[in-house]
Amino acid sequence: MKLIVCKFGGSSLADGNNILRVEKILRADPARRFAVVSAPGKRFSADVKVTDLLYGCFRAAQETGDCSAAFADVRKRFISIVSELGMESFDIQSILDETEREIDLQKSADFTASRGEYLNARIIAAKLGWQFIDAKDIIFFDENGLFDEAKSYPLIEAKLRECGNAVIPGFYGTDANGKIRTFSRGGSDISGSIIARGVNAGLYENWTDVSGFLACDPRLVECPEKIEVISFKELRELSYMGANVLHADSIFPVRRGDIPIKIKNTFQPEDAGTLILPSKKYKKHGNIVTGIAGKKDFTVIFLEKSMMNSEIGFARKVLSVLEQNAVSFEHMPSGIDTLSLVIESKNLSDGMLDRLIEQIRDAVHPDYVRVLDQIALVATVGHGMTASVGTSARLFRALSDAGINIRMIDQGSSEINIIVGIDNADYERCLRAIYYEFFKKKKAS
Ligand code: ADP
Ligand code: ASP
Ligand code: MG
């Protein structure tokens, strides 16, 4: 029997009742031997995720040297979960006291934030009667803060091979100095993928609050179509561009092990969900476009210089300026005499934009420099686009019919992706215009 690693997101674990659903799912299939869990998420839309409460505790501890007032809300959440689960004999008070002491002592944002996953995993392991395996003992980061495969995988394999069933907290591991370090937000998806690869699972199930990967963000389009099967490549493009149902980096560990991912809905477990397959196992379906996703708040630095194409080293000099200032770029569309740098605006505060422009002028003497800010990027993704004539024309016509001004186009070399840059203000309309062009019209015809 091929084993299954299940990751449950915060939305699936927000309170005791939800954890009971999770228990039912895990017990329904003996192949589900390992559960990776997030911290409790929101119970209702105005609620605060436990991870956010914990970042608040860290700030309070920094300002006053004591996090007890802020930690009181975290206590309440876990005490009510334990009571909803009917675990009277589970001594949550002592575990919470110890956690609070450590937060005050460690004075680390990552340590503090990681306690949501730690506490939830302790409770869920006790409820299920499964072993608790701390992520700090099996997931490691190297000196550069990157996941350390060589160190982690043998430990995951060795530790988990021994136990029948285990609950492992997501989101964190141990850094090269022995301190707790977290992945970026939403990182329990990465932990689940790492565990799946470490135990050579047959399937990585990612349980959340939607019945699969949808063709568009459901907060922007009403009831978007569900994607039945999607390739790792398409998923990476969509999740990187903001379809945050799955963390964009969670694809790498399972991809290396050829392990499929299934997105499932904790609240409707009978729904088929979305199957995410390695590209070689993926067969194209009839759709031209698989999905659409986007993000706001980019800045574009547009450079023009006659004969740029024949000036050897032009791009390298421009990119060196970014490197010297430790600024990463998202895209770099170029023409014969033009080159644009697309950068997240949050990386350009405190005079960074002016510094970059001055240094680029000094390095390559462009004829013309223009800055576009408050730009949103929208990616239209699908393997079907490569073989289908006129896809770009349809996309651009849909945007022009909606009166949306395209500020930038990047038809990436991956050939499965067309990215348009538009004003932030047009973002929602742009996503909807593309969605209705490629999905609802198709249905109507
Ligand atoms: P979890 O708590 O399980 O980790 P997340 O909140 O991280 O869940 O991700 C699930 C949410 O992602 C959904 O509730 C949905 O609002 C949002 N989302 C954004 N884009 C998409 C998409 N294309 N398909 C499905 N969900 C999406
Ligand atoms: N709890 C963490 C967060 O809110 C990690 C996760 O949920 O995946 O970002
Ligand atoms: Mg998530």
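Residue numbers count from 1 along this sequence. The basis for the numbers below is simple: all heavy atoms, side chains too, and nothing from hydrogens, waters or symmetry mates. Counting convention: from 1, in listed order, for ligands and their atoms alike.
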Practice prompt. Can you establish whether the number of heavy atoms outside D350 located under 6.0 Å from its atom CG is more than 12?
Written response: no
Item to complete: With sequence neighbours excluded, tell me which residues meet side-chain hydrogen bond (donor to acceptor under 3.5 Å, both in side chains) with E84.
Response: none
Worksheet item: Do any N/O atoms on D189 end up under 3.5 angstrom from N/O atoms on ligand 2?
Response: no
Fill in: side chain to side chain contact (heavy atoms under 4.5 Å, CB included) between D410 and M332, worked out
CA-CA 8 Å; D410 185 6; M332 191 177 61; over 6 Å; no
Discussion item. Please determine whether any non-hydrogen atom of G170 lies less than 4.0 Å from an atom of ligand 2.
Written reply: no
Worksheet item: Less than 4.5 Å apart, any side-chain heavy atom of M241 and any of L377?
Response: yes
List below, pair by pair, the N or O atoms of ligand 1 and of the protein that are less than 3.5 Å apart, including the distance to 0.1 Å; reply 'none' if no pair qualifies.
{"residue": "ligand 1", "atom": "2 (O)", "partner": "G10", "partner atom": "N", "Å": "3.2"}
{"residue": "ligand 1", "atom": "2 (O)", "partner": "S11", "partner atom": "N", "Å": "3.2"}
{"residue": "ligand 1", "atom": "2 (O)", "partner": "S11", "partner atom": "OG", "Å": "3.1"}
{"residue": "ligand 1", "atom": "3 (O)", "partner": "S11", "partner atom": "OG", "Å": "3.2"}
{"residue": "ligand 1", "atom": "3 (O)", "partner": "T208", "partner atom": "OG1", "Å": "2.7"}
{"residue": "ligand 1", "atom": "4 (O)", "partner": "K7", "partner atom": "NZ", "Å": "3.3"}
{"residue": "ligand 1", "atom": "8 (O)", "partner": "T208", "partner atom": "OG1", "Å": "3.1"}
{"residue": "ligand 1", "atom": "12 (O)", "partner": "N244", "partner atom": "OD1", "Å": "3.4"}
{"residue": "ligand 1", "atom": "14 (O)", "partner": "D209", "partner atom": "OD1", "Å": "2.8"}
{"residue": "ligand 1", "atom": "14 (O)", "partner": "D209", "partner atom": "OD2", "Å": "3.3"}
{"residue": "ligand 1", "atom": "23 (N)", "partner": "L214", "partner atom": "O", "Å": "2.9"}
{"residue": "ligand 1", "atom": "24 (N)", "partner": "L214", "partner atom": "N", "Å": "2.9"}

Worksheet item: Can you check whether F171 has an N/O within less than 3.5 Å of an N/O in ligand 2?
Response: no
Practice prompt. Please list, chain by chain and in numerical order, all residues satisfying salt bridge (charged side-chain N to carboxylate O under 4.0 Å, His left out) with D209, sequence neighbours excluded.
Written response: none
Worksheet item: At under 4.0 Å between heavy atoms, which part of S188 makes contact with ligand 2: side chain, backbone, both or neither?
Response: both
Item to complete: Determine the interplanar angle of the F147 and Y153 rings, folded into 0 to 90°, and report it as parallel if under 30°, tilted if 30 to 60°, perpendicular if over 60°.
Response: perpendicular
Worksheet item: Can you list the atoms of ligand 2 that are under 4.0 Å from a heavy atom of S38?
Response: 6 (C), 7 (O), 8 (O)
Worksheet item: Closer than 4.0 angstrom: is that true for some heavy atom of E117 and an atom of ligand 2?
Response: yes
Item to complete: Not counting sequence neighbours, which residues clear side-chain hydrogen bond (donor to acceptor under 3.5 Å, both in side chains) with N200? List them please.
Response: none
Practice prompt. Could you find the nearest protein heavy atom to atom 4 (O) of ligand 2 and give me its residue, atom name and distance?
Written response: R185 NH2, 2.9 Å
Fill in: Approximate separation, where rounding is to 0.5 Å, of F396 CZ and I404 CD1
12.5 Å
Worksheet item: Is it true that E437 and R394 have a side-chain N and a carboxylate O under 4.0 angstrom from each other?
Response: yes
Practice prompt. Would you check whether G116 reaches within less than 4.0 Å of ligand 2, judged by its heavy atoms?
Written response: no
Discussion item. For a 4.5 angstrom cut-off between non-hydrogen side-chain atoms, does F111 reach R181?
Written reply: no
